[in-house]
Undergrad: 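Handing you a structure now.
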Amino acid sequence: MGLTAFLIPAALALALWGGAMAVGGFRQRNRLKLCSAVGAFTLLAVGAAVLMEFITRPL
């Protein structure tokens, strides 16, 4: 329970930040912000994949 209590709010904050960076990048036509948003979503996807791997692995 302790790990998910830390990871879920962190993931939500990272998703909100990535969304804000994506919207700002589209509006300002700023590639650096768009790349930052893609990096944030990639980090979320990799973290979710690693977490799911350990959750589904039998003990």
Undergrad: Between OG of Ser36 and CZ of Arg31, what distance do you get to the nearest 0.5 Å?
TA: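 One finds 13.5 Å between OG of Ser36 and CZ of Arg31.
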
Undergrad: Measuring from Met52:CE to Arg57:CZ, what's the distance to the nearest 0.5 Å?
TA: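 Met52 CE to Arg57 CZ: 14.0 Å, rounded to 0.5 Å.
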
Undergrad: State yes or no: do Ile55 and Leu7 share one hydrophobic cluster built from I, L, V, M, F, W and Y residues joined by side-chain heavy-atom distances below 4.5 Å, directly or via other members?
TA: yes

Undergrad: Identify whether Phe54 and Leu43 are in the same connected component of the hydrophobic contact network (ILVMFWY, side-chain heavy atoms under 4.5 Å).
TA: no

Undergrad: If every non-hydrogen atom of Ala40 is compared with every non-hydrogen atom of Trp17, which pair is closest and at what distance?
TA: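 It is CB-CZ3, 3.7 Å.
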
Undergrad: Any non-hydrogen side-chain atom of Leu34 less than 4.5 Å from a side-chain atom of Asn30?
TA: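 Not in contact.
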
Undergrad: Might you point out which heavy atoms bring Ala22 and Ala37 nearest each other, and give the distance in Å?
TA: N-CB, 3.6 Å

Undergrad: In Å, rounded to the nearest 0.5 Å, how long is the span from OG1 of Thr56 to CG of Leu51?
TA: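 So the OG1 of Thr56 and the CG of Leu51 are separated by 9.5 Å.
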
Undergrad: Measure the CE-CZ distance between Met21 and Phe41 for me, rounded to the nearest 0.5 Å.
TA: 10.5 Å

